*Asks:* 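One structure follows; several queries about it will come next.
Note: hydrogens, waters and symmetry copies are ignored here, and every other heavy atom, side chains too, is used. Counting starts at 1 for both ligands and their atoms, in listed order. All values reported here derive from a predicted model rather than from experimental measurement.
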Amino acid sequence: MSKSLVAVFALLAVASAEHFYVTNNNTGLACIIVDGDFMFNLVFQEGNATQKYNVLLNNTLNVDGDCNAVVNNQSVQTLSITFNPAGQSARYPKEWELNLVFGTSSNEAFKIIDYTLKTQKTDLVPYFGTFVRDEKDAGDVTATETNAYKCSTAKLGLVGGSTIDIKTANIIAFAQVNGTVFPANQLYDVCYLDARTSDVVPIVVGACLAVLVIVVLVGYLIGRARAKRQGYASV
Ligand SMILES: *[C@@H]1O[C@H](CO)[C@@H](O)[C@H](O)[C@H]1NC(C)=O
Ligand SMILES: *[C@@H]1O[C@H](CO)[C@@H](O)[C@H](O)[C@H]1NC(C)=O
Ligand SMILES: *[C@@H]1O[C@H](CO)[C@@H](O)[C@H](O)[C@H]1NC(C)=O
Ligand SMILES: *[C@@H]1O[C@H](CO)[C@@H](O)[C@H](O)[C@H]1NC(C)=O
Ligand SMILES: *[C@@H]1O[C@H](CO)[C@@H](O)[C@H](O)[C@H]1NC(C)=O
């Protein structure tokens, strides 16, 4: 099992999306690339009240990962990010930690098979604990062949109703990318929700065209019938 070299790429103000990658230091190729904006929708009990907080990943502190890990005899790849959530003051300078585990199978080039979020108390969020994957709401972050995954909002459900939302998500794992960003010719599998939305436009256009054809046809038949009645030779 070879450990991998890991790097943080702090993207400056221009593009707000975060950029993470893990490089296999045996091959020099990136096995994981994750781009997107991370928002954590946290729900938990405080006393008798249900509290809800939306927290953004703001300041990445460290990125770690492994292109050749094994869990339960299964080959996996891991990405571990420590960060400060937005709105955290120096009063509680503790790190939050997000762990993503990617698996692979005969049907899927890769798939997010596990994830956890460890929180610490901050000025905004009075909760420290570990949120774990909700297997009934584990999202669809997966792709086939050498494709990456693309989604306007990828959701990873957590037990208790919390979610990890990755906006404008572009994700790949079990890849062999020469470089640390998605190649220009990268193909993407679009997530289920986006694919359904993008189906709507062609369906509407198709329906309009069908109506137009019917209207023209009916108009033509009526015209022909009328012409016949008036004794003109028909076309
Ligand atoms: C690969 O990474 C591990 C741990 O980060 C390090 O100990 C090792 O020296 C690296 N190997 C190479 C070839 O850079
Ligand atoms: C919480 O609920 C319990 C039982 O409903 C009640 O006895 C207790 O006073 C409540 N505590 C607070 C802080 O509201
Ligand atoms: C892993 O595989 C080996 C050999 O196939 C087997 O002996 C072992 O029990 C397996 N371990 C687990 C945790 O499944
Ligand atoms: C985000 O992180 C930067 C750099 O640490 C910090 O200056 C800024 O105040 C943080 N923003 C929020 C909303 O916490
Ligand atoms: C990656 O690309 C560079 C520049 O095109 C090339 O020199 C290098 O050999 C490539 N590395 C691998 C492992 O393919």
Side-chain angles (χ1 to χ4, degrees), residues 1-44 46 51-69 75 77-100 102 104 109-110 117-129 131 143 145-148 153 162-188:
M1 192 195 311
S2 82
K3 266 287 203 171
S4 60
L5 173 80
V6 163
V8 189
F9 186 66
L11 217 66
L12 295 178
V14 192
S16 64
E18 307 286 335
H19 174 65
F20 305 105
Y21 61 92
V22 180
T23 303
N24 184 335
N25 67 0
N26 293 331
T27 61
L29 301 174
C31 65
I32 298 175
I33 304 176
V34 174
D35 288 358
D37 287 311
F38 287 73
M39 183 193 265
F40 308 100
N41 301 303
L42 304 181
V43 181
F44 52 86
E46 201 193 13
Q51 303 282 355
K52 290 191 180 180
Y53 293 90
N54 295 339
V55 190
L56 293 168
L57 187 161
N58 178 39
N59 185 31
T60 301
L61 302 169
N62 188 48
V63 181
D64 200 355
D66 194 340
C67 295
N68 297 293
S75 172
Q77 297 186 335
T78 61
L79 172 63
S80 172
I81 303 162
T82 55
F83 62 95
N84 293 133
Q88 172 166 280
S89 79
R91 242 177 91 208
Y92 299 112
K94 288 186 179 160
E95 307 169 356
W96 287 25
E97 185 178 330
L98 174 66
N99 288 293
L100 301 177
F102 297 85
T104 186
F110 70 89
L117 174 69
K118 291 190 186 127
T119 68
Q120 303 280 350
K121 283 191 183 190
T122 70
D123 288 1
L124 289 180
V125 185
Y127 186 84
F128 98 95
F131 293 87
E145 297 169 16
T146 56
N147 298 348
T153 303
S162 304
T163 62
I164 299 167
D165 289 5
I166 312 173
K167 309 224 157 152
T168 58
N170 290 300
I171 299 173
I172 199 165
F174 286 89
Q176 306 205 332
V177 175
N178 186 357
T180 61
V181 297
F182 286 102
N185 61 354
Q186 177 68 52
L187 298 177
Y188 294 87

*Asks:* Between the main-chain N or O of Asp165 and the side-chain N or O of Thr163, is there a donor-acceptor pair closer than 3.5 Å?
*Replies:* no

*Asks:* Any idea which protein heavy atom is nearest atom 14 (O) of ligand 4, and the distance to it?
*Replies:* Gly87 N, 2.6 Å

*Asks:* Note the single closest protein heavy atom to atom 9 (O) of ligand 4, along with its residue, its atom name and the distance in Å.
*Replies:* Asn58 ND2, 4.8 Å

*Asks:* Does an N or O from Pro85, backbone or side chain, lie closer than 3.5 Å to an N or O of ligand 4?
*Replies:* no

*Asks:* For the rings on Tyr53 and Phe40, is their centre-to-centre separation under 6.0 Å?
*Replies:* no

*Asks:* Please could you name the atoms of ligand 5 that Leu29 approaches to less than 4.0 Å, counting only its heavy atoms?
*Replies:* 13 (C)

*Asks:* Are the side chain of Gln77 and the backbone N or O of Phe102 linked by a donor-acceptor pair below 3.5 Å?
*Replies:* no

*Asks:* When you measure from atom 11 (N) of ligand 5 to the protein, is at least one non-hydrogen atom found at a distance under 4.0 Å?
*Replies:* yes

*Asks:* So which protein heavy atom does atom 3 (C) of ligand 5 come closest to, and at what separation?
*Replies:* Asn178 ND2, 3.6 Å

*Asks:* Given Trp96, which partner from the list Asn84, Ile81, Thr122 fulfils the side chain to side chain contact (heavy atoms under 4.5 Å, CB included) test?
*Replies:* Thr122

*Asks:* Please check this pair: side chain of Glu18 against backbone of Asn59, looking for a donor-acceptor N/O pair closer than 3.5 Å.
*Replies:* no

*Asks:* Indicate whether atom 7 (O) of ligand 5 is within a distance of less than 4.0 angstrom of some protein heavy atom.
*Replies:* no

*Asks:* Specify the protein heavy atom at minimum distance from atom 5 (O) of ligand 4: its residue, its atom name, and the distance to 0.1 Å.
*Replies:* Asn59 ND2, 3.3 Å

*Asks:* Do side-chain atoms of Ser80 reach the backbone of Asn99 as a donor and acceptor pair under 3.5 angstrom?
*Replies:* no

